[in-house]
Amino acid sequence: MNATELLTVPCTKHSTFYADVIKGLSAPQKYLDSKYFYDATGDRLFQEIMRCEDYYPTRCEMDILSNQSAAISNVLGRHCRSFDVIELGAGDATKSIHLLQQLQQQHRDYTYYPIDISSNVIDLLEHTLPVEVPGLSIQGLNGEYMDMLLLAKDLSPKNKVVLFMGANIGNFTPDEALQFCRTLRAHLQPGDLLLTGFDLKKHPQVILNAYNDRQGITRAFNLNLLHRINRELGADFNTQQFDHYPMYDPSTGACKSYLVSKTTQQVHIAEDVVIGFRENELIYMEISQKYSLEETDHLAFASGFTPVARFFDRKKWFADCLWKA
Ligand code: AVI
């Protein structure tokens with residue numbers, strides 16, 4: 001290794017990823033933070049999940065946006081005369097593009113501010129969206145949601161329509177979701193609007209199947225985090241010694257994914273940390289919280305918003321809820 005290489009080798013032990021992994025795997029109930037699912041392989045697997053038959057939320061929300069964008073933009077216009085659109089975690093904007101196109105057709109004068117933690121995502125959106133939505137004014141914001149919201153407020157005094165789609169709110173526990181919505185409300189002006197995608201409570205088997213798809217993609221998605229720890233933190237997880245175990249509790253709406261250690265085993269991380277697993281010991285991986293409509297309204301009021309409209313897919317499995325600050 002030469003001097004230049006030495007400078008470019010990431011110091012894993014000082015990374016937040018390392019600290020979070022060690023903290024999670026040393027807790028009495030072991031856990032890993034689901035935000036770490038999304039490395040390059042995780043992104044690809046998540047794209048596959050969204051296309052797979054058993055995982056319905058993406059198709060449901062696409063049904064709403066592709067068929068009801070005209071209705072959504074009319075309601076936005078009724079509640080707010082002039083606004084900019086901000087999207088939290090814009091990704092590839094495949095759903096929101098329908099709304100952006102509709103707003104263009106209605107000659108609304110707005111700027112679209114996609115916010116994403118990935119600069120690649122922002123670069124791609126800035127290049128591709130103006131082609132797909134001719135005339136679109138777009139300014140990507142690369143960073144944390146709340147910091148970028150403040151920046152967008154500085155960039156333009158207009159009211160904001162904030163999009164938080166894709167059932168991402170479900171990856172918070174109900175308490176975290178309340179805290180998140182309260183913080184969001186504190187960053188908005190009276191009259192701003194928030195459109196949030198909620199996956200609704202439905203037949204428990206349908207929900208469980210979505211997180212235990214027959215092709216095993218969700219299983220691979222969960223196990224990929226162990227592979228990622230091996231790759232990036234020099235660990236030696238044997239992923240064949242872990243099972244994917246999702247469970248859904250219809251009484252609380254919590255769908256939780258775990259990995260189960262199939263045997264008593266030890267895993268080494270970054271050479272000097274040893275994590276012991278008992279047979280059948282769990283690693284808590286992710287929550288995907290499901291909501292009733294009453295619960296979405298309750299969340300709105302408890303965080304200082306007023307619910308103003310809801311848009312459903314044909315099956316009424318998913319709701320995009322519009323709240324006013
Ligand atoms: C990103 N998020 C809304 C997905 C969900 O449904 O909770 C992540 C996911 N995990 C497994 N499948 C999909």
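Both backbone and side-chain heavy atoms feed into the values below; hydrogens, waters and symmetry mates do not. For ligands, and for the atoms within them, numbers begin at 1 and follow the listed sequence.
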- Message: Test ring pair (Phe, Tyr, Trp, His ring centres under 6.0 Å) on Tyr38 and Phe46; report intermediate values, then the result.
- Response: CA-CA 8 Å; Tyr38 303 92; Phe46 186 54; 5.6 Å; yes
- Should Asp199 and Lys290 count as an ion pair when the cut-off is N to O under 4.0 Å? yes
Enumerate, one pair per line, all nitrogen or oxygen atoms of ligand 1 lying under 3.5 Å from a protein nitrogen or oxygen, stating the separation to 0.1 Å; write 'none' if no such pair exists.
{"unit_1": "ligand 1", "atom_1": "2 (N)", "unit_2": "Asn171", "atom_2": "OD1", "d": "2.9"}
{"unit_1": "ligand 1", "atom_1": "6 (O)", "unit_2": "Tyr55", "atom_2": "OH", "d": "2.5"}
{"unit_1": "ligand 1", "atom_1": "6 (O)", "unit_2": "Tyr211", "atom_2": "OH", "d": "2.5"}
{"unit_1": "ligand 1", "atom_1": "7 (O)", "unit_2": "Asn171", "atom_2": "ND2", "d": "2.9"}
{"unit_1": "ligand 1", "atom_1": "7 (O)", "unit_2": "Ser288", "atom_2": "OG", "d": "2.6"}
{"unit_1": "ligand 1", "atom_1": "10 (N)", "unit_2": "Glu286", "atom_2": "OE1", "d": "2.8"}
{"unit_1": "ligand 1", "atom_1": "10 (N)", "unit_2": "Glu286", "atom_2": "OE2", "d": "3.4"}

- From Arg314, Lys315, Lys95, residue fulfilling salt bridge (Lys or Arg N to Asp or Glu O under 4.0 Å) relative to Glu61: Lys95
- How long is the gap from CG on Leu282 to CZ on Phe277, to the nearest 0.5 Å? 10.5 Å
- For ring pair (Phe, Tyr, Trp, His ring centres under 6.0 Å), just list the numbers for Phe318 and Tyr291, CA-CA rounded to whole Å, side-chain angles, deciding distance to a tenth of an Å, and then say yes or no. CA-CA 9 Å; Phe318 199 95; Tyr291 285 83; over 10 Å; no
- Message: Looking at Arg231 and Asp39, is there a salt bridge between them, counting it only when a charged N and a carboxylate O are closer than 4.0 Å?
- Response: yes
